[in-house]
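The first residue in the sequence is number 1, and the count goes up from there.
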Amino acid sequence: MTKLHIAALGSSFAAGPSIEPIENKAAGRSTRNYAHQLAEALDAQLTDLSVSGATLLNVLHDKQTMGGQTFDAQLDHLPADADIVTLTCGGNDLNYIGGLVYDSLLSYLGPLKKVVPGQTKDPPIQLDELRNRFLAVLDKIHDIAPKAKVYLVEYLTIIGNDTRPWLDIALTAEQMKHYADVAVMLSTAYNDATKSRSFAEILPVARSSNEHALGSRVPWVEGFNLSMLMRGVAPYHPNLAGHTAIAEMLRERVSQNK
């Protein structure tokens, strides 16, 4: 019997840059990210094309250079026989995680932070453009792999209902609200994009992970401190528990859709 073929697309939230073992250092791609765990659970073939730092345009048609290596647009290598395609992306289009890390770094500058501009400003693109990018990616996936079921896997929640400024995250309450609003915008684009594409559906990871945000008893994302940067751990990214939780959610959804 032919094995199920899974293709994984997206940015660092898909790739798993801080989770050992790493199979591609430049891409920050782990062999324990959610796509690898899903493929293992389903005994499926996996083509993992995710690259840390990717935007939806890098998935769609733009080359990307990371860690001294140049990667083709991810869809240039999407297998036509893919049965399942997963996509976690869009945050870099909005400067979501990059902004979080930058503003958290500023919190360590003391009085100097008052003269260094932060990143709490309007995202580089608005909701309509983000939605259009998602739709363009979905349509090209369907053109290349028409039998594939596409799962838009949301970002795990970083700032939850109980996350406390300064104690759980290196941000002020005002900065927290800004990034929580960016997360809502990203989730809205995910939902909007799947409404008109019958071959795609959303995996509502954001809602499911709210109780595992920063400050929770068992967070599914990394926090922020200077020592983790020196150790090469990516702040505000899913940890192994987060990837495992996503893989299990996907496994259940795939089983329901058989």
Side-chain angles (χ1 to χ4, degrees), residues 6 8-25 27-44 46 48 50-54 84 86-92 96-98 100-101 104 151-164 167-171 176 179-180 182-183 186-187 190 202-256:
I6 300 170
L9 306 170
S11 60
S12 53
F13 263 55
S18 300
I19 302 171
E20 297 290 344
I22 299 294
E23 69 171 8
N24 186 311
K25 187 174 181 179
R29 188 185 302 141
S30 170
T31 60
R32 297 301 296 158
N33 63 29
Y34 72 73
H36 278 80
Q37 293 191 52
L38 176 66
E40 182 179 327
L42 298 177
D43 190 27
L46 174 66
D48 191 350
S50 60
V51 180
S52 295
I84 293 171
T86 63
L87 172 66
T88 301
C89 202
N92 292 320
Y96 177 26
I97 305 304
L100 270 171
V101 173
S104 296
Y151 294 93
L152 289 190
V153 181
E154 289 184 309
Y155 278 50
L156 289 172
T157 294
I158 298 171
I159 301 171
N161 296 334
D162 299 324
T163 307
R164 300 166 297 175
L167 295 175
D168 301 322
I169 191 170
L171 297 175
M176 283 176 57
Y179 289 109
V182 173
L186 183 58
S187 185
Y190 271 72
I202 191 170
L203 192 73
V205 168
R207 182 179 69 246
S208 301
S209 60
N210 186 63
E211 294 183 357
H212 295 277
L214 292 178
S216 66
R217 187 173 61 84
V218 184
W220 286 349
V221 291
E222 299 286 355
F224 180 93
N225 58 60
L226 295 181
S227 66
M228 67 190 299
L229 292 177
M230 292 186 283
R231 289 184 283 113
V233 177
Y236 302 131
H237 278 69
N239 55 28
L240 179 58
H243 276 278
T244 300
I246 294 171
E248 178 58 21
M249 286 184 241
L250 271 170
R251 187 197 63 76
E252 290 180 1
R253 183 65 63 87
V254 170
S255 296
Q256 291 169 2

Derivation and outcome, side chain to side chain contact (heavy atoms under 4.5 Å, CB included), residues Leu171 and Tyr179: CA-CA 10 Å; Leu171 297 175; Tyr179 289 109; 4.0 Å; yes
Ignoring hydrogens and geometry, is there a side-chain-to-backbone donor-acceptor pair from [X] to [Y] under 3.5 Å?
| X | Y | result |
| --- | --- | --- |
| Asn33 | Ala15 | yes |
| Ser18 | Ala234 | yes |
| Asp168 | Thr163 | no |
| His212 | Val218 | yes |
| Gln37 | Arg32 | yes |
| Ser52 | Pro17 | no |

Might you confirm whether atom CG of Asn225 has over 12 heavy atoms from other residues, nucleotides or ligands at distances under 6.0 Å? yes
Does CD in Glu23 sit with more than 12 non-hydrogen atoms of other residues, nucleotides or ligands closer than 6.0 Å? yes
Could you go step by step and tell me if Ile97 and Phe13 meet the side chain to side chain contact (heavy atoms under 4.5 Å, CB included) rule? CA-CA 10 Å; Ile97 305 304; Phe13 263 55; 3.8 Å; yes
Gap separating the [atom1] atom of [X] from the [atom2] atom of [Y], nearest 0.5 angstrom:
| X | Y | atom1 | atom2 | result |
| --- | --- | --- | --- | --- |
| His237 | Leu100 | NE2 | CG | 10.0 Å |
| Arg164 | Asp162 | CZ | CG | 9.0 Å |
| Leu250 | Leu42 | CG | CG | 9.0 Å |
| Leu156 | Ser208 | CG | OG | 9.5 Å |

Closest non-hydrogen atom pair between [X] and [Y], with its separation:
| X | Y | value |
| --- | --- | --- |
| Ile22 | Glu20 | N-OE1, 3.5 Å |
| Pro235 | Val101 | CB-CG2, 4.2 Å |
| Ile6 | Ala39 | CD1-CA, 3.9 Å |
| Ala213 | Pro219 | O-CB, 3.7 Å |
| Ser104 | Tyr236 | OG-OH, 2.6 Å |
| Glu154 | Ile202 | OE2-CD1, 3.6 Å |

Any non-hydrogen side-chain atom of [X] less than 4.5 Å from a side-chain atom of [Y]?
| X | Y | answer |
| --- | --- | --- |
| His36 | Glu40 | no |
| Tyr151 | Val254 | yes |
| Leu214 | Val221 | yes |
| Tyr96 | Ile158 | yes |

Determine which pairs satisfy salt bridge (charged side-chain N to carboxylate O under 4.0 Å, His left out) with at least one residue from residues 212-222, sequence neighbours left out, and list them in order. none
Tyr155 and side-chain hydrogen bond (donor to acceptor under 3.5 Å, both in side chains): which single residue from Ser187, Ser209, Ser11 fits? Ser11
side-chain contact (heavy atoms from CB on, under 4.5 Å) involving Ala8 - partner list, sequence neighbours excluded: Ala35, Leu46, Asp48, Thr86
With side chain to side chain contact (heavy atoms under 4.5 Å, CB included) as the criterion, how do Ile169 and Phe224 come out once you've worked through the C-alpha distance, each side chain's angles and the decisive distance to 0.1 Å? CA-CA 7 Å; Ile169 191 170; Phe224 180 93; over 6 Å; no
Is there a side chain to side chain contact (heavy atoms under 4.5 Å, CB included) between Tyr34 and Thr88? Walk through the geometry before answering. CA-CA 11 Å; Tyr34 72 73; Thr88 301; 2.6 Å; yes
